[in-house]
Amino acid sequence: MTPIAYCRRKARESGSSFLAAFCFLSAEKKDALTVLYAYCRELDDAVDDCSDAQVAKTVLAWWRSDAAKIFAAGQTPEHPVNQALQSVSAQFALPEDELTEIINGMEMDLHHVRYAEFDDLKYYCYRVAGVVGRLIARILGFRDPQTLAYAETLGLALQLTNIIRDVGEDARKGRIYLPMSELQRFNVPAQTILSATPTPAFAELMAFQIDRAGQTYREALALLPECDRKAQKAGLVMGGIYHALLQEIRLDGGENVLKYKIKIPNPRKMRLALKIWLCGFAP
Ligand SMILES: CC(C)=CCC/C(C)=C/CC/C(C)=C/COP(=O)(O)OP(=O)(O)O
């Protein structure tokens, strides 16, 4: 199997919310985003598949050394995803530090099961999603460098939405991403989340989290220069799909994230993608 065929299969099998956004792109950009997606997915799976943090650390160290070969003259990485990324990085001038920052983010996840302040959580989000946004923006193309700031902020909005949607699932793994200072401010003991027993205080905490994530989409969009709107359309579709997910969570009452994972059905995702591609996205 060729490296790109491997990445396509990996992306297809993931059933990600974002693949609908790739449909309207040229084959070249679609393949590049598929390779970047496969890289993020492989790293995520590598960590998730290890029940022991020490083993996960070793696996990530292997990925770090194999990914370094992408940028080392005359070297070929061993993993098919890194091999595919070698061509994509050269073609779209992807910076090494942004690609390795994603590995740093995954590693952070092994040590941090709690974040004290929102700024600590934001730093994690930058590493696992902000840089992904920047890399996506580089593949899609831009004229104004401020587009990178837009993409980084949209990455934060998406990651905050993901954290909100997955509060219950993460709690079952003993993880709470919501900042501890905010749990205290809203009088929500960690045990409420870990034992999945919604309370009025938890509902208020979630309403605050949902509002802030919504505000982050608006901040991101305000940063996108007009001249790059067309080139960045596929990223806007990704943002639109996740923004619709945030609205669903809000309409569902917010606190139900403790009980089940809210999803947008595939046909609605495709309709949304087409609508945003044709008419734009205004959160
Ligand atoms: C410019 C731009 C587009 C910025 C966004 C950057 C970006 C895609 C960040 C990833 C954040 C995220 C929530 C990943 C989950 O993916 P998943 O496939 O696990 O999601 P799923 O669980 O909803 O399918």
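Start at 1 with the first residue, then count along the sequence. For ligands, and for the atoms within them, numbers begin at 1 and follow the listed sequence.
Side-chain contact, Ser14 with Ser16: no donor N or O sits under 3.5 Å from an acceptor N or O. Tyr177 and Asp109 form a side-chain donor-acceptor contact under 3.5 Å, judged by distance and modelled atom types alone. No hydrogens or angles considered: a donor-acceptor pair under 3.5 Å links the side chains of Glu101 and Asn104.
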| query | When you look at Arg8 and Asp31, which way does the salt bridge (Lys or Arg N to Asp or Glu O under 4.0 Å) test go after all the steps? | reply | CA-CA 8 Å; Arg8 286 187 192 130; Asp31 275 352; 3.0 Å; yes
| task | Please test Phe208 against Phe186 for ring pair (Phe, Tyr, Trp, His ring centres under 6.0 Å), starting from the C-alpha separation and ending with a verdict. | result | CA-CA 9 Å; Phe208 168 75; Phe186 284 86; 5.3 Å; yes
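At a heavy-atom cutoff of 4.0 Å, ligand 1 is surrounded by Ser16, Ser17, Phe18, Tyr37, Arg41, Ala129, Val132, Gly133, Ile136, Ala151, Leu154, Gly155, Leu158, Gln159, Asn162, Arg165, Gly235, Met238, Tyr242.
Residue pairs meeting the side-chain hydrogen bond (donor to acceptor under 3.5 Å, both in side chains) criterion with at least one partner in residues 202-218, sequence neighbours excluded, are Thr161-Tyr217, Glu182-Gln209, Glu182-Arg212, Gln209-Arg212, Asp211-Arg250, Gln215-Arg218.
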